[in-house]
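Okay, so here's the structure we're looking at.
In what follows, chains are A, B, ... by sequence order, proteins preceding strands, each numbered from 1.
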Amino acid sequence: MTTTALVFLILAVALVWGGLAASIALLRRDGAAVDDEAGPGPDAEDPGTAPRR
Amino acid sequence: MTATHPAPGPGQPGHRPHREQWSGQLGFVIAAIGSAVGLGNIWRFPGVAYENGGGAFLIPYLIALLTAGIPILWLDYSIGHRFRGSAPMAFHRLRRGAEPLGWFQVAISCAITVYYAVVVAWALSYTFFSVTLAWGDDPAGFLTGDYLQVADPGISTQVVPSVLWPLVGIWVVTIVILALGVQRGVEKANLVFIPLLLVMFLALVVRAVTLEGALDGLNAFFTPDFAALRDPAVWIAAYSQIFFSLSIAFGIMVTYSSYLRRRANLTSTGLVVGFANSSFELLAGIGVFGALGFMAAQSGVAIEDTTYSGVLLAFVAFPQIISMMPGGPVFGVLFFGSLVLAGATSLLSILQVISAAFQEKLGWSPRQAAIRIGTTAAVVSIALFSTTTGLPLLDTVDKYVNEVGVVGSAVAMTLLVGLVLRRLRELQGHLNDRPGFRAGTWWRVLVGVVAPVVLGYILITGMVSLVRTGYSGYPTWFTTTFGWGTIGLLLLVAVIMSLVSWRRAPGEFVPEEIPGLHRSGRRGETR
């Protein structure tokens, strides 16, 4: 491979897969808070889908 | 904890039907990645990147991901999650008159699902063909002659048995998974299929890049052509690739996000899904160009003469490569098996869009919806696409539905929410009222201004090209009937379904309040 192609391969991998790693880290940090807060109660039913009477 | 009073039972006044949910954030992320990663990631991205600047394509591609892909993904998430419904329900709750846009998205999903299943069935057949290298010395002749028995463009009733049976198999499996519901069916299937896809595809890429000549292929793929960046067509190609590969603007992400818990993180999840989709595309580019480099070296031709995309890449070029390489059958099973898994998870997500819409509109259970919708779609799919005219018909419907239907839906959605209803501030508040990456004013600008301008340009230039030159040399009567005719049919379905009464009233829904913001999106009017 030429040096230029190699540099662009490394750059592509670093930016795209690095972006994925960073966003997973962000989600893991924030996700823990979500699991703590979320309860099964109100989410289990849809307040807007009562049968039409 | 639980309620102190027993809830009203089914049929009793005040009974609220149970709404399905993902088991957690991971289940949703995996399913959303499964939806985004599809056939286009494997067979479209490598060719598009190579033809539009090689390594330099990375620049417009990443800009398109960050300025259009992820912002529209967040728009889909915010609509589905805030209004907690399928696309028609969510748009109805956004504004009653917006329901037809939701049904247009469902109609697009109907059109895509009937032909997408056929391509997955082809990949399933080729997984088995790989074992014996059934295509012999002439993969192109085998595909169009022996396997598909392609006739001239038109409508044939002559069913091709070798396509029919794998197609029936794909539909049976898909209907069973769909009938099990969101958590036990779609989520569990993705939790098995996506890791399996990743392992298989990684093995394939490792094998591809260790083949003789693979480095020449990678050299061609990553060598930048900076002059290409001055060509507007390259930027349009980048925005189109991001847009088509992320499964946005035709109801999938609206539907999927409606099954998330109320406090779920939407923005960081969108970043993970967007980057995961692009990561898989990059992996596919490395694997495909490694393999094409090997083919070029073996055939003694230049790499630029071996670059295919779409059906030709998967079902003609790859069989050639598989025949040439040591251990070809194993490589073939990995490649076509990956196509089956990537296609199946996307197919499930598209069907879920339709299933959820009919469940809510007509009061069907998930099982009823899966059986009724799945069976109808299977019959249409078999009748139209397992025949000798299946290939030209599929090619035409795919072109018009994507370039006119899906892009038109995205333009309509961004204009409606941003310009007509002016609800972007409310949706931004919804995104920011839960954990995750903050959507700033820049998000409203990207969704309300940049996206409709860029996508509007893609839509208009695409439509002008289709009107002026038709498509792929097919007769005008054929493209008019099955291309524009399909678009007309989608619009008709959207209008008719919007006129049908809701079995479950969507209007009683009240979206949650956002601190500092009125429900309608106006600032400082919180009650």
Is any residue of residues 52-63 of chain B within less than 4.5 Å of chain A by heavy atoms, and which ones? B:Gly55, B:Ala56, B:Leu58, B:Leu62
Proximity breakdown for A:Val7 and chain B, heavy-atom pairs closer than 4.5 Å: neither
Tell me, side chain or backbone of A:Leu15 under 4.5 Å from chain B's heavy atoms, or both, or neither? both
Sequence-distant partners of B:Glu99, salt bridge (Lys or Arg N to Asp or Glu O under 4.0 Å), two or more places apart: B:Lys361
Verify whether the ring centers belonging to [X] and [Y] lie closer than 6.0 Å.
| X | Y | answer |
| --- | --- | --- |
| B:Phe221 | B:Phe289 | yes |
| B:Tyr259 | B:Phe28 | no |
| B:Phe280 | B:Phe201 | yes |

Side chain / backbone / both / neither for [X] at chain A, heavy atoms under 4.5 Å:
| X | value |
| --- | --- |
| B:Phe437 | both |
| B:Leu283 | both |
| B:Val29 | side chain |

Listed partners of B:Arg96 passing side chain to side chain contact (heavy atoms under 4.5 Å, CB included), at least two apart: B:His92
B:Val209: what forms a side chain to side chain contact (heavy atoms under 4.5 Å, CB included) with it, not counting sequence neighbours? B:Val205, B:Leu218, B:Ile286
Name the member of A:Ile24, A:Leu26, A:Thr4, A:Leu9 that forms the most heavy-atom pairs with chain B at distances under 4.5 Å. A:Leu9
Could you walk me through whether B:Glu360 and B:Trp502 pass the side chain to side chain contact (heavy atoms under 4.5 Å, CB included) test, one step at a time? CA-CA 7 Å; B:Glu360 290 170 354; B:Trp502 287 89; 3.9 Å; yes
Most contact-rich option vs chain A, by heavy-atom pairs under 4.5 angstrom, among B:Leu271, B:Leu215, B:Val272, is B:Val272
Any side-chain heavy atom of B:Met89 within less than 4.5 Å of one from B:Arg84? no
Could you walk me through whether A:Met1 and B:Thr223 pass the side chain to side chain contact (heavy atoms under 4.5 Å, CB included) check? CA-CA 9 Å; A:Met1 281 181 82; B:Thr223 298; over 6 Å; no
